[in-house]
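Here's the structure we're looking at; comments come further down.
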Amino acid sequence: MKKLFFIATIIFALATISSVFAHGTKEVKLSVNKQIVASGSKLKIKLIEIKDTRCPEDVNCVWAGNAVIKFTVSKGKLTAKTFELNSGIEPMSVTYQGYEIKIKDITPNRKSSDGAENVQQNVTLTIGKMPKKP
């Protein structure tokens with residue numbers, strides 16, 4: 001009986017994992033004022049702005065800080081919609097036309113020596129198809 005329960009648990013876990021991968025998650029890398037079309041989703045995404053107040057990587061801070069990105073998304077002939085995402089506080093993801101969009105990474109990480117100079121940063125987003133509701 002224990003073996004049957006164990007096998008059923010493994011089958012359920014594998015089915016869940018394959019369901020997640022079946023929907024596919026894509027990664028796209030953006031720089032400010034650049035637009036891309038995410039393959040597979042046909043979403044047009046344009047990064048408008050990055051406000052990075054995260055703690056520089058070479059400093060020990062009390063609070064890790066937060067980065068905010070502002071971007072537009074459109075699909076087909078639909079009017080573009082503007083969103084803001086955060087790296088450390090909500091909202092950390094948005095849903096648009098059945099896709100969930102999240103920040104994966106913002107590079108390069110800031111350093112204390114960067115001072116007042118703006119470092120050209122890039123954002124990597126993950127785009128995943130949301131499962132259809134029954």
Side-chain angles (χ1 to χ4, degrees):
M1 186 69 169
K2 287 182 181 181
K3 285 183 181 182
L4 182 61
F5 178 75
F6 180 72
I7 291 171
T9 303
I10 289 175
I11 290 171
F12 177 76
L14 291 174
T16 304
I17 290 170
S18 66
S19 172
V20 170
F21 287 115
H23 296 293
T25 300
K26 306 282 184 195
E27 290 184 6
V28 294
K29 191 171 187 176
L30 296 160
S31 55
V32 175
N33 294 321
K34 300 295 179 189
Q35 179 174 290
I36 59 97
V37 177
S39 66
S41 68
K42 299 183 183 173
L43 295 179
K44 292 180 194 170
I45 303 173
K46 181 177 181 180
L47 183 61
I48 299 169
E49 178 180 38
I50 300 172
K51 293 180 187 172
D52 191 355
T53 60
R54 295 175 299 164
C55 182
E57 67 178 16
D58 57 343
V59 176
N60 289 325
C61 299
V62 175
W63 185 56
N66 186 51
V68 180
I69 66 164
K70 186 175 184 179
F71 62 100
T72 60
V73 182
S74 63
K75 184 174 183 181
K77 295 181 180 180
L78 296 174
T79 303
K81 188 167 180 178
T82 303
F83 294 101
E84 287 189 358
L85 286 179
N86 293 288
S87 66
I89 58 175
E90 294 296 330
M92 294 174 67
S93 68
V94 295
T95 303
Y96 178 80
Q97 294 295 308
Y99 291 89
E100 183 179 42
I101 304 168
K102 298 179 182 180
I103 297 173
K104 179 181 180 190
D105 198 15
I106 300 173
T107 55
N109 291 329
R110 293 179 333 116
K111 293 185 172 67
S112 60
S113 60
D114 293 339
E117 295 179 29
N118 290 332
V119 174
Q120 175 73 28
Q121 290 182 301
N122 299 301
V123 174
T124 302
L125 299 175
T126 58
I127 302 169
K129 182 78 171 157
M130 300 292 291
K132 294 188 182 200
K133 295 179 182 177

Answer yes or no: is there a side-chain heavy-atom contact under 4.5 Å between L85 and V123?
-> no
Which atoms form the tightest heavy-atom contact between N66 and I89, and what is the distance?
-> OD1-N, 3.6 Å
Is I101 close to F83 at the side-chain level, that is, under 4.5 Å between some pair of heavy atoms?
-> no
Check whether any side-chain heavy atom of Q121 lies under 4.5 Å from a side-chain heavy atom of P108, and answer yes or no.
-> yes
Can you name the nearest heavy-atom pair linking V28 to A38, along with the distance?
-> CG1-CB, 4.0 Å
Any residue meeting salt bridge (Lys or Arg N to Asp or Glu O under 4.0 Å) with E57, in chain and number order, not counting sequence neighbours | K111
With a 4.5 Å heavy-atom cut-off, do P91 and N86 have their side chains touching?
-> yes
Taking side chain as C-beta onward, heavy atoms only, is V73 less than 4.5 Å from Q97?
-> no
Any side-chain heavy atom of K26 within less than 4.5 Å of one from S41?
-> no
Residue pairs passing the disulfide (SG to SG under 2.5 Å) test with at least one member in residues 58-91, sequence neighbours excluded, are C55-C61
Within a radius of less than 6.0 Å around NZ of K75, do more than 12 heavy atoms belonging to other residues, nucleotides or ligands occur?
-> yes
Any side-chain heavy atom of V94 within less than 4.5 Å of one from F71?
-> yes
Is the shortest heavy-atom distance from the side chain of K29 to the side chain of T124 under 4.5 Å?
-> yes
